[in-house]
Number of protein chains: 2
Amino acid sequence: MGRRVTEKPVLKPVRKERVSRQVFDQLKEQIVKGKWPAGTKLPSENELAKQLNVSRVSVRSALHMLSALGLLETRHGEGTYVRELSGDLYFNALFPLLALSRTNIFDVLEYRRVMDPGAVGLATERATEEDLAELERIYHQMEEYTVDYKAFARADLEFHLTIAKATRNPIFIKVNTIIRDILNASMEGIVRALGIRDGLHYHRQILQALRDKDAVKAEGLMREHVDRTIQRLKEGGEKGEVYDQR
Amino acid sequence: MGRRVTEKPVLKPVRKERVSRQVFDQLKEQIVKGKWPAGTKLPSENELAKQLNVSRVSVRSALHMLSALGLLETRHGEGTYVRELSGDLYFNALFPLLALSRTNIFDVLEYRRVMDPGAVGLATERATEEDLAELERIYHQMEEYTVDYKAFARADLEFHLTIAKATRNPIFIKVNTIIRDILNASMEGIVRALGIRDGLHYHRQILQALRDKDAVKAEGLMREHVDRTIQRLKEGGEKGEVYDQR
DNA sequence: AACATGTGAGTTATCATACAACTATCCATG
DNA sequence: CATGGATAGTTGTATGATAACTCACATGTT
């Protein structure tokens, strides 16, 4: 009989990658590597199917997924094109209803806790006069909105995004834009936690540090600021004062 | 003859919504509105086709797009299920970033310079034995690949992604995955800059710091590591040795 | 009783083919 | 020169068939 072979699986599971997935990856690669820059018209579905030696169905499956993700755009009767990056969050507009659970929001804030200090650090070097003026404007908005929590929180988020813009780095900008939208959508719950008192204080100081081009100070303040926000939100949640989202 | 009617188009173009799009919208609504909570198994494709009075092709088209967006998950031979709606869903909007990846690798690395130290900091607290084993495995891969630059660089990227996974924060994971794809695509150029010598050194030390649960050290090493990568790449670029991607 | 194996139903993945719907272009016609 | 029609190329939808996969249950085997 011989002994059983259960320990140490020497045999690796065979590679079984779906055809459509392979097509998806190949097409994605062409786009990512820049072989097909924005605006390029792809070969027709029949052509692709022939070249890749798969059925048209598999090609279409891949094309559909890529368009859903915003990399492609297909025009009926005309062809399929590589999309410009311009259109920002067209798709996100479909999702604002999604209320995120608490854990999800903490994930987002935890991310921000790392990103925003870094962003403000870069911003101290690169912010223009216009950026600073814009930040000042938003800060004064916040001062006025001390009664309207919602508007206050909105301005708060805008402040952070403006700092991201000042980095001149598209990744920071894009990610921060998404985070703003998420928090905006789930704002009912976090408004209280944000706290007028701290908010104004930190934003004023951060703005000052930016003017002084004191990166270390700005980073420290930002980290403190986000930390306190998280802390507040946790306290509120534990006390059950805050939202439940369902 | 009468005058032409070109100004003010009172006549709106007739509604010509694609079938697959309608299916997409209907399914999406069921999910977003919570009628189909996470984990729900959808009716089979045949069933849906019958209920909606469309062909199975159209149903599948919609299903594919929804899975690409992360709302659904289809398991071959088993069925299609509603996925957990999490925050990282929004970050699918980052996908178009892939299209402009090449424009500036430095933007990407600058971003990584901020995020990866933060990620490794969180990872020191949360990494499981399995995570560490996986990192070890990748590290040994790198040791073997000292001749194959491409494979080496790929393992390098995988190392960073694995650290992101160890944070257990879906945002870190998602964004890092996209960054890996971007750098992967531009790899011909950065391979030289990565440098075998430093790479192994830093990764070994970072792994050690993770084992020792020394967050400060791990963060510092990571920052240094990314800094040097950027520096190398800049030197190479100035000398014109590095990539041009065409 | 415990385990291995076989079988079948149900499901998704892929294929091939055909036709419908749409777009752009060319070209003859008046 | 404007109009309309014909045409070729492309994407969208439909149909039917087959392959590949998963699960659950039945059937042996020990």
Side-chain angles (χ1 to χ4, degrees), chain A residues 1-7 9 11-27 36 39-83, chain B residues 1-6 11-27 36 39-83:
Chain A
M1 281 276 171
R3 43 193 278 280
R4 282 272 285 294
V5 253
T6 51
E7 63 252 58
L11 272 34
K12 284 180 291 186
V14 296
R15 148 192 206 74
K16 46 178 174 180
E17 203 167 22
R18 308 217 194 310
V19 175
S20 57
R21 175 74 201 183
Q22 294 182 53
V23 176
F24 176 92
D25 285 334
Q26 281 206 50
L27 296 182
W36 290 344
T40 306
K41 179 179 179 182
L42 268 61
S44 78
E45 298 177 350
N46 277 316
E47 182 63 28
L48 286 172
K50 195 161 47 176
Q51 283 186 31
L52 296 164
N53 192 32
V54 298
S55 79
R56 202 181 142 210
V57 177
S58 303
V59 172
R60 283 176 63 76
S61 168
L63 292 177
H64 286 149
M65 294 197 278
L66 287 167
S67 340
L69 290 170
L71 272 97
L72 293 181
E73 176 187 4
T74 73
R75 299 203 271 269
H76 190 177
E78 202 178 340
T80 305
Y81 299 82
V82 179
R83 191 151 191 158
Chain B
M1 281 274 175
R3 45 193 276 280
R4 285 272 285 293
V5 255
T6 52
L11 274 29
K12 285 182 291 188
V14 295
R15 154 191 202 70
K16 46 178 173 178
E17 203 167 22
R18 311 214 196 307
V19 175
S20 56
R21 177 74 201 182
Q22 293 182 52
V23 176
F24 177 91
D25 285 335
Q26 282 204 49
L27 296 182
W36 289 345
T40 306
K41 178 179 178 180
L42 268 62
S44 78
E45 297 178 350
N46 277 317
E47 183 64 27
L48 285 172
K50 196 160 49 175
Q51 282 185 30
L52 296 164
N53 193 33
V54 299
S55 79
R56 202 180 141 213
V57 177
S58 303
V59 172
R60 281 178 63 79
S61 167
L63 292 178
H64 286 149
M65 293 197 279
L66 287 167
S67 357
L69 290 169
L71 277 104
L72 294 180
E73 176 187 4
T74 72
R75 296 184 214 136
H76 189 174
E78 202 177 339
T80 308
Y81 298 82
V82 179
R83 282 184 48 165

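Quick note on labels: first sequence line is chain A, next is B, and so on, each numbered from 1. Remember, it's a predicted structure, so these values are computed and weren't measured experimentally. What's counted below: heavy atoms across the whole structure, side chains too, no hydrogens, waters or symmetry copies.
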Please report the closest heavy-atom contact between [X] and [Y], naming both atoms and the distance.
| X | Y | value |
| --- | --- | --- |
| L69(A) | L69(B) | CD2-CD2, 4.4 Å |
| L48(A) | P43(A) | CD1-O, 3.7 Å |
| L27(B) | A62(B) | CD1-CB, 4.4 Å |

Rounded to whole angstrom units, what separation is found between the [atom1] atom of [X] and the [atom2] atom of [N]?
| X | N | atom1 | atom2 | value |
| --- | --- | --- | --- | --- |
| Y81(B) | dC21(D) | OH | P | 17 Å |
| L52(A) | dT14(C) | CG | P | 13 Å |
| K50(A) | dC15(C) | NZ | C1' | 17 Å |
| R18(B) | dG12(D) | CZ | P | 6 Å |
| R56(B) | dG10(C) | CZ | P | 15 Å |
| E45(B) | dT15(D) | CD | C1' | 15 Å |
| E73(B) | dT12(C) | CD | C1' | 13 Å |
| N46(B) | dA9(C) | CG | P | 16 Å |

Worksheet item: Short question: side chain of Q22(B), backbone of E17(B) - any donor-acceptor pair under 3.5 Å?
Response: yes
Please answer whether the main-chain N or O of L63(A) pairs with a side-chain N or O of S67(A) as donor and acceptor at a distance below 3.5 Å.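 Pair found, side chain donor or acceptor close to backbone of L63(A).
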Nearest-nucleotide 5' precedence on DNA chain C, S44(B) against V54(A):
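So the residue in question is S44(B).
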5'-most contact on DNA chain C (nearest-nucleotide basis), G77(A) vs L63(B), goes to L63(B)
Quick one: label [X] by what it contacts on the DNA or RNA (base, sugar-phosphate, nothing), any heavy atom closer than 4.0 Å.
| X | result |
| --- | --- |
| S61(A) | nothing |
| R60(A) | base |
| V57(A) | base |

Hey, does the side chain of [X] come within less than 4.0 Å of [N]'s phosphate (OP1/OP2), counting only N and O?
| X | N | value |
| --- | --- | --- |
| S55(B) | dT13(D) | no |
| T74(B) | dA13(C) | yes |
| S58(B) | dA14(D) | yes |
| S20(A) | dA13(C) | no |

Closest to the 5' end of DNA chain D, once V19(B) and R75(B) are matched to their nearest nucleotides, is V19(B)
With the side chain defined as heavy atoms from C-beta on, H76(A) is closest, among dC22(C), dA13(C), dC15(C), to dC22(C)
With distance as the sole criterion, do the side chain of R21(A) and the base of dA13(C) form a donor-acceptor contact below 3.5 Å? no
